[in-house]
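Here is the structure we will look at.
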Number of protein chains: 2
Amino acid sequence: MSPASAPGADTAEVIRRSALKLFAHEGYEATSMREIAAAVGIQAGSLYNHFSSKEEILWDLTRGALLDLREHIDTALARLPADTSASAKLSSFIDAHVRFHALNSERARIVNQQMSGLNRTHYREIVGLRRTFEEQLAGILDDGVREGSFSLVDSRLSVYAILQMCIAVSNWFRKGGGLSVDEVATTYVALAHRMVIGSPAPVRRRRSGGTS
Amino acid sequence: MSPASAPGADTAEVIRRSALKLFAHEGYEATSMREIAAAVGIQAGSLYNHFSSKEEILWDLTRGALLDLREHIDTALARLPADTSASAKLSSFIDAHVRFHALNSERARIVNQQMSGLNRTHYREIVGLRRTFEEQLAGILDDGVREGSFSLVDSRLSVYAILQMCIAVSNWFRKGGGLSVDEVATTYVALAHRMVIGSPAPVRRRRSGGTS
DNA sequence: GTCTATATATCGATAGAC
DNA sequence: GTCTATCGATATATAGAC
């Protein structure tokens with residue numbers, strides 16, 4: 001729990017962890033390089049041996065979180081058989097999405113609330129990465145409609161509503177707050193199926209707890 | 001469209017409008033008093049004749065937006081007869097919520113994303129105001145369960161999911177973006193009813209377009 | 001109620017010794 | 001790769017003339 005030197009973690013990684021907490025709780029613009037350095041246990045100037053600017057730290061954290069989320073979801077979907085129903089794909093997608101946002105709430109909050117701190121190039125790249133999730137979910141919903149198992153109120157708005165419902169889990173979920181990750185994920189899978197009028201299919205989960 | 005002097009608007013109101021746009025698009029911490037002053041068409045020092053600090057501007061905007069939302073929703077619910085079904089109350093609540101977040105997206109985004117700029121006292125007051133909406137929706141859902149018209153997956157999580165789905169409308173809705181406010185509101189009313197397994201009741205809307 | 005001028009503090013980032 | 005010291009810019013807020 002000491003801020004500075006966790007064994008086996010290099011300085012850049014300690015900087016990432018310290019900056020993540022500060023950005024998530026105080027905001028990117030409200031956090032100074034001196035605060036980050038103090039949390040790491042070094043002087044402000046030494047940060048520039050590891051990151052070229054404050055924006056690069058934010059970019060590193062934001063991009064890393066989205067790439068992890070993408071890998072998390074793709075892994076879950078890849079474990080499904082080739083002839084999997086759209087309903088089962090939806091269950092896996094929602095389960096992975098909710099689990100990630102519950103267990104990586106600080107990283108998720110940076111992605112969703114501190115994007116304006118990025119420069120234009122990085123900002124656009126993040127928007128592009130986020131769009132892939134919308135397209136992925138839209139594809140699953142379209143499949144379900146073709147199969148006849150889903151009936152949508154509106155395809156684009158359903159994608160927005162379902163995704164935002166899952167993302168918002170990062171705003172309130174707390175470990176040890178009376179609800180387990182499994183319970184939340186199961187509830188949200190059921191809610192998403194109700195929104196597309198499909199019947200929830202059981203979720204295949206990884207053996208362990210998921211990303212942290 | 002000129003930034004400074006709309007006829008009949010006093011300086012404090014011009015400051016509110018200018019600061020609102022800057023806070024919503026650049027973020028509270030990233031916006032300087034000089035930027036606000038430039039948008040108003042005065043010097044930075046003159047702002048302090050109308051607001052005692054930058055935080056007070058944010059507080060004024062945030063509190064005003066939440067009070068307007070509360071009034072907007074209470075007015076919609078008050079127009080319903082005393083014996084109104086939970087289903088119709090849900091329709092009115094969602095309709096009012098979505099319409100407000102679509103037509104007041106900048107104010108809504110300040111409430112939901114710039115709260116960390118407030119001091120502790122003001123922050124807590126905002127959290128308290130927001131909780132009233134959760135309790136209001138929770139009451140409607142409970143009514144529906146008692147009536148037998150709703151069947152919830154989980155009552156607390158349903159409140160979170162439905163509210164966040166509506167709030168997020170402020171993140172993407174654009175006037176003249178191919179979807180009318182009425183279409184969006186109708187879609188979200190249907191989605192919310194699906195989430196509680198009620199059948200959507202028609203919405204009574206005010207004659208005009210709503211708040212702006 | 002606006003202006004100019006400024007007090008005071010802090011910001012991100014860099015230079016150079018060790 | 002860390003430190004100390006500092007540059008130059010900018011921040012919020014205030015003082016006093018008009």
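On a predicted model such as this, the values are computed, not experimentally measured, just so you know.
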Residues forming a side-chain contact (heavy atoms from CB on, under 4.5 Å) with A/A185, sequence neighbours excluded
A/D95, A/V98, A/R99, A/R205

Nearest to the side chain of B/H50, heavy atoms from C-beta on, is which of C/dG1, D/dC3, D/dG1?
C/dG1

Carboxylate-amine/guanidinium proximity below 4.0 Å for A/E106 and A/R109
no

Rounding to a whole Å, what distance do you find between A/L47:CG and C/dA13:C1'?
11 Å

Is the backbone of B/H101 close enough, under 3.5 Å, to the side chain of B/S105 for a donor and an acceptor to pair up by distance?
no

Protein-nucleotide distance (B/F51, atom CZ; C/dG1, atom P), rounded to Å
12 Å

Could you go over nucleotides 10-14 of chain D and give all protein N or O partners under 3.5 Å, atom names and distances?
residue: D/dT12; atom: OP1; partner: B/T31; partner atom: O; Å: 3.4
residue: D/dT12; atom: OP1; partner: B/M33; partner atom: N; Å: 3.4
residue: D/dT12; atom: OP1; partner: B/K54; partner atom: NZ; Å: 3.1
residue: D/dT12; atom: OP2; partner: B/M33; partner atom: N; Å: 2.9
residue: D/dT12; atom: O4; partner: B/R34; partner atom: NH2; Å: 3.4
residue: D/dA13; atom: OP2; partner: B/Y48; partner atom: OH; Å: 3.1
residue: D/dA13; atom: OP2; partner: B/K54; partner atom: N; Å: 3.0

Measure up the A/W172 and B/Y160 rings against each other and bin them: parallel (under 30°), tilted (30 to 60°), perpendicular (over 60°).
tilted

Taking every heavy atom of B/A76 against every heavy atom of B/S92, the minimum-distance pair comes out as O-OG, 4.2 Å

May I ask you to decide if B/L22's main-chain N or O and B/E35's side chain share a donor-acceptor pair within less than 3.5 Å?
no

How many Å lie between CD1 on A/I36 and C1' on C/dT10, as a whole number?
15 Å

Please state how far atom CD in A/Q43 lies from atom C1' in C/dA15, giving the value in whole angstrom units.
16 Å

Take the protein atom CD1 of A/I15 and the nucleotide atom C1' of D/dG1, then report the distance between them rounded to whole Å.
11 Å

